[in-house]
Amino acid sequence: MATFRSILETANGLYRESDTGHGYQPYDLLHSLPEEALDAPAHIRKVSPGVYRIELQTSDNGTYDLFSRRRTVRTEGGDASGNM
(Lines give C-alpha, C1' and ligand atoms only; values in the text may rest on other atoms or scores of the structure.)
Protein backbone atom coordinates (compact mmCIF):
# COMPACT_ATOMS: atom_id res chain seq x y z
CA MET A 1 0.00 0.00 0.00
CA ALA A 2 1.24 3.49 -0.84
CA THR A 3 2.12 6.05 1.80
CA PHE A 4 0.99 9.64 1.58
CA ARG A 5 4.65 10.65 1.15
CA SER A 6 5.03 8.40 -1.92
CA ILE A 7 1.87 9.85 -3.47
CA LEU A 8 3.06 13.42 -2.86
CA GLU A 9 6.45 12.63 -4.41
CA THR A 10 4.84 11.04 -7.47
CA ALA A 11 1.55 12.77 -8.32
CA ASN A 12 1.63 16.41 -9.45
CA GLY A 13 -1.35 18.68 -9.12
CA LEU A 14 -3.27 20.64 -6.51
CA TYR A 15 -4.03 18.89 -3.23
CA ARG A 16 -7.09 20.20 -1.43
CA GLU A 17 -8.23 19.30 2.07
CA SER A 18 -11.66 17.74 1.71
CA ASP A 19 -12.96 19.30 4.95
CA THR A 20 -11.75 22.88 4.54
CA GLY A 21 -11.10 23.21 0.80
CA HIS A 22 -7.66 24.70 1.52
CA GLY A 23 -5.30 23.97 -1.38
CA TYR A 24 -1.63 22.95 -1.31
CA GLN A 25 1.16 22.11 -3.70
CA PRO A 26 2.85 18.75 -2.99
CA TYR A 27 6.02 20.36 -1.61
CA ASP A 28 3.96 22.42 0.87
CA LEU A 29 2.50 19.26 2.38
CA LEU A 30 5.86 17.46 2.39
CA HIS A 31 7.37 20.28 4.45
CA SER A 32 4.46 20.99 6.79
CA LEU A 33 2.87 17.66 7.73
CA PRO A 34 4.16 15.53 10.61
CA GLU A 35 6.05 12.32 9.80
CA GLU A 36 3.08 10.29 11.10
CA ALA A 37 0.84 11.69 8.36
CA LEU A 38 3.47 11.40 5.61
CA ASP A 39 4.28 7.77 6.47
CA ALA A 40 0.64 6.75 6.89
CA PRO A 41 -0.85 4.22 4.47
CA ALA A 42 -3.16 5.98 2.02
CA HIS A 43 -6.02 4.79 -0.15
CA ILE A 44 -6.49 6.61 -3.44
CA ARG A 45 -9.53 6.37 -5.69
CA LYS A 46 -10.78 8.24 -8.73
CA VAL A 47 -13.90 10.32 -8.06
CA SER A 48 -14.19 12.05 -11.46
CA PRO A 49 -11.97 12.74 -14.48
CA GLY A 50 -8.75 14.20 -13.10
CA VAL A 51 -9.89 14.20 -9.46
CA TYR A 52 -8.69 11.62 -6.94
CA ARG A 53 -9.66 11.18 -3.28
CA ILE A 54 -6.80 10.27 -0.94
CA GLU A 55 -7.74 8.95 2.49
CA LEU A 56 -5.00 8.66 5.10
CA GLN A 57 -5.10 5.91 7.69
CA THR A 58 -4.03 8.02 10.68
CA SER A 59 -5.59 8.86 14.02
CA ASP A 60 -7.33 11.88 12.46
CA ASN A 61 -8.04 10.17 9.11
CA GLY A 62 -7.12 13.14 6.90
CA THR A 63 -8.70 13.28 3.46
CA TYR A 64 -7.38 15.17 0.45
CA ASP A 65 -8.60 15.62 -3.10
CA LEU A 66 -5.92 15.65 -5.80
CA PHE A 67 -6.74 17.71 -8.86
CA SER A 68 -4.41 16.49 -11.59
CA ARG A 69 -3.12 18.86 -14.22
CA ARG A 70 -5.01 16.97 -16.96
CA ARG A 71 -8.72 17.07 -16.22
CA THR A 72 -10.06 16.57 -19.73
CA VAL A 73 -10.90 13.19 -21.15
CA ARG A 74 -8.40 11.89 -23.65
CA THR A 75 -9.79 10.75 -26.97
CA GLU A 76 -8.33 8.06 -29.14
CA GLY A 77 -5.47 9.45 -31.24
CA GLY A 78 -5.64 13.04 -29.97
CA ASP A 79 -6.61 15.41 -27.23
CA ALA A 80 -10.12 16.24 -26.01
CA SER A 81 -10.61 18.84 -28.74
CA GLY A 82 -9.98 16.27 -31.46
CA ASN A 83 -6.55 17.64 -32.41
CA MET A 84 -3.83 15.18 -33.24
Side-chain angles (χ1 to χ4, degrees):
M1 179 175 296
T3 64
F4 192 39
R5 180 188 314 273
S6 67
I7 293 170
L8 289 168
E9 291 173 342
T10 305
N12 291 324
L14 177 68
Y15 289 80
R16 187 171 288 160
E17 284 184 273
S18 298
D19 295 346
T20 65
H22 193 267
Y24 302 93
Q25 292 297 319
Y27 55 83
D28 293 329
L29 290 171
L30 283 168
H31 297 308
S32 65
L33 289 177
E35 292 297 314
E36 176 189 4
L38 293 172
D39 294 335
H43 291 285
I44 185 168
R45 65 183 171 87
K46 188 174 187 173
V47 293
S48 63
V51 181
Y52 302 86
R53 172 79 33 98
I54 303 166
E55 297 173 347
L56 307 183
Q57 292 184 344
T58 61
S59 57
D60 63 355
N61 292 326
T63 303
Y64 294 86
D65 292 328
L66 166 60
F67 293 83
S68 71
R69 294 179 189 248
R70 176 184 290 271
R71 286 192 287 271
T72 58
V73 178
R74 294 182 193 187
T75 60
E76 188 175 329
D79 62 20
S81 65
N83 296 329
M84 297 276 196

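- Side-chain contact between Glu9 and Pro26: absent, with no pair of heavy atoms (C-beta onward) separated by less than 4.5 Å.
- By the side-chain contact (heavy atoms from CB on, under 4.5 Å) test, Arg16 is found to be paired with Leu14, Phe67, residues two or more places apart in sequence or in another chain being considered.
- Of all heavy-atom pairs spanning Met1 and Pro41, the tightest one is SD-CB, 3.3 Å.
- Under the salt bridge (charged side-chain N to carboxylate O under 4.0 Å, His left out) criterion, no residue pair touches residues 19-34, with sequence neighbours excluded.
- Listed by first and then second residue, the side-chain hydrogen bond (donor to acceptor under 3.5 Å, both in side chains) pairs involving residues 41-51 are His43-Gln57 (not counting sequence neighbours).
- Applying the salt bridge (charged side-chain N to carboxylate O under 4.0 Å, His left out) test to every pair with at least one member in residues 32-43, sequence neighbours left out, gives these pairs: Arg5-Glu35, Arg5-Asp39.
- In this view, Thr20 and Glu17, His22 satisfy the side-chain contact (heavy atoms from CB on, under 4.5 Å) rule, not counting sequence neighbours.
- Across every non-hydrogen atom of Gly62 and Thr58, the tightest pair is N-OG1, 3.9 Å.
- Side-chain heavy-atom separations under 4.5 angstrom define the hydrophobic clusters, and the remaining members of the one that includes Leu66 are Phe4, Ile7, Leu8, Tyr15, Tyr24, Leu29, Leu30, Leu33, Leu38, Ile44, Tyr52, Ile54, Leu56, Tyr64.
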